[in-house]
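See below for the structure under consideration.
Residue numbers begin at 1 in each chain, while the letters A, B, ... track the order of the sequences.
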Amino acid sequence: MSGWKALVTRLPSSFFERNTLEAARDLLGQRLVRMVDGHRLSGLIVETEAYIGESDLACHASRGRTPRTEVMFGPPGRAYIYFIYGMYYCLNVVTEPESFPAAVLIRALEPEEGREWMRERRSGRPDRELLSGPGKLCAALDIDKRLNHVDLTQDDRLFLEVGPPVDAARVTASPRIGINIPGEASEQPWRFYLADSPFVSRQPARRR
DNA sequence: TATACGATCACCT
DNA sequence: GGTGATCGTATAC
């Protein structure tokens, strides 16, 4: 019995083969691990966003099946990594059963292992800013197109582990960041984050 | 082929 | 609060 806690479990494909909103919410608190030169770089997920199907105009798959979006139509648990604004990558995890195109964007992590290595890649920025944004975390963890399509339930370079339980009271929803499309896509509360975390990409709006 | 733009970020006022 | 950097992708010609 003693020692069972030391067993580290990966998130299985059943975690991703379900409703994207549930997966996005439940990814909070889980651990993303990147192996680089035998070193573990990791962080706890504190912010996610759901992109759900061809009818979601903010989802890249709303434009149909293309070379870029093809991975979203495939099996769940794979990485969908895209290049944006000419200089950043963003990491998503594919969700829902195969042929339903959806994914969860990993927007921010609380740094754990490998902080010194991350600081080097992030120009010595403070820990709070190492992984506090989708482009930042890919830069800090050396995540780019090479890892597109990777099976996060099997791969040894990039994967997800079960993290410490998260108190449901900490979980907050809001509209997705950076979506400026007329209509409901801009308003759906499909961003999930830990409101009390200093490591999210944007702090909650000031109360007044 | 040509062009407009984006699920961002860092730095500016 | 605002804006430039920089290029793959989608779409229009």
Side-chain angles (χ1 to χ4, degrees), chain A residues 16 20-21 23-25 27-28 32 43 45-74 76 78-96 100-111 118-150 152 158 172-194 198-206 208:
Chain A
F16 307 104
T20 305
L21 293 176
R25 184 195 60 211
L27 273 167
L28 296 177
L32 179 73
I45 298 174
V46 298
E47 181 178 346
T48 61
E49 280 177 1
Y51 289 86
I52 313 174
E54 296 177 86
S55 62
D56 175 7
L57 295 182
C59 179
H60 291 162
S62 65
R63 306 275 176 177
R65 194 167 188 149
T66 68
R68 181 173 67 153
T69 63
E70 188 183 349
V71 64
M72 273 198 280
F73 289 79
R78 309 283 258 260
Y80 166 42
I81 298 168
Y82 64 87
F83 187 56
I84 190 69
Y85 293 112
M87 53 181 84
Y88 301 105
Y89 292 94
C90 292
L91 169 67
N92 299 253
V93 188
V94 174
T95 54
E96 308 269 356
F100 186 97
V104 175
L105 172 67
I106 308 300
R107 285 195 56 91
L109 308 171
E110 173 177 340
M118 298 179 203
R119 278 183 216 113
E120 277 187 32
R121 287 191 60 87
R122 293 274 300 137
S123 311
R125 292 196 163 270
D127 286 10
R128 175 164 310 204
E129 298 172 21
L130 290 179
L131 307 170
S132 58
K136 298 180 196 176
L137 71 89
C138 283
L141 300 178
D142 194 24
I143 292 170
D144 62 24
K145 271 278 172 83
R146 290 170 299 172
L147 297 169
N148 198 18
H149 293 235
V150 152
L152 298 171
L158 188 64
T172 309
S174 83
R176 294 172 291 185
I177 303 292
I179 306 299
N180 295 297
I181 300 169
E184 62 182 4
S186 307
E187 295 158 29
Q188 305 276 27
W190 290 354
R191 171 187 182 228
F192 299 92
Y193 61 102
L194 301 180
F199 301 98
V200 297
S201 66
R202 299 191 184 180
Q203 296 295 340
R206 286 291 231 158
R208 56 175 310 131

Problem - Presence of Arg125(A) side-chain N/O under 4.0 Å of dC9(B) phosphate oxygens OP1/OP2 - result: no
Problem - Any Arg191(A) side-chain nitrogen or oxygen under 4.0 Å from OP1 or OP2 of dA7(B) - result: no
Do the side chains of [Y] and [X] get nearer than 4.5 Å, heavy atoms only?
X: Arg63(A); Y: Thr69(A); value: no
X: Tyr89(A); Y: Ile143(A); value: no
X: Arg68(A); Y: Tyr80(A); value: yes
X: Ser186(A); Y: Ile179(A); value: yes
X: Trp190(A); Y: Asp56(A); value: yes
X: Phe100(A); Y: Ile52(A); value: yes
X: Val150(A); Y: Ile81(A); value: no
X: Glu54(A); Y: Phe73(A); value: yes

Handout entry: Between dT6(C) and dA2(B) - P atom distance, rounded Å
Key =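 The same atom, P, in both gives a distance of 22 Å.
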Handout entry: Inter-nucleotide P distance (dC5(B), dT3(C)), Å rounded
Key = 16 Å
For [X] and [N], what is the distance between atoms [atom1] and [atom2] respectively, to the nearest whole Å?
X: Arg107(A); N: dT8(B); atom1: CZ; atom2: C1'; answer: 9 Å
X: Leu57(A); N: dA7(B); atom1: CG; atom2: C1'; answer: 14 Å
X: Arg121(A); N: dC9(B); atom1: CZ; atom2: P; answer: 15 Å

Practice task
Can you establish whether the number of heavy atoms outside Arg128(A) located under 6.0 Å from its atom CZ is more than 12?
Solution key: no
Handout entry: Dot-bracket pairing map - DNA chain C, Watson-Crick plus G-U, both contacts under 3.5 Å, | cross-strand
Key = |||||.||||||.
Problem - Residues in contact with DNA chain B, drawn from residues 126-137 of chain A - heavy-atom cutoff 4.0 Å - result: Gly133(A), Pro134(A), Gly135(A), Lys136(A)
Completion exercise
Going 5' to 3' through nucleotides 1-13 of chain C and flagging B where a protein heavy-atom sits under 4.0 Å of the base, S where only the sugar-phosphate is that close, and - otherwise, we get ----BBBSSSS--
Problem - Stacked cation flag Arg176(A) on Tyr51(A), 6.0 angstrom / 45 deg - result: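 Positive - Arg176(A) is close enough to the ring of Tyr51(A) and near enough to its axis.
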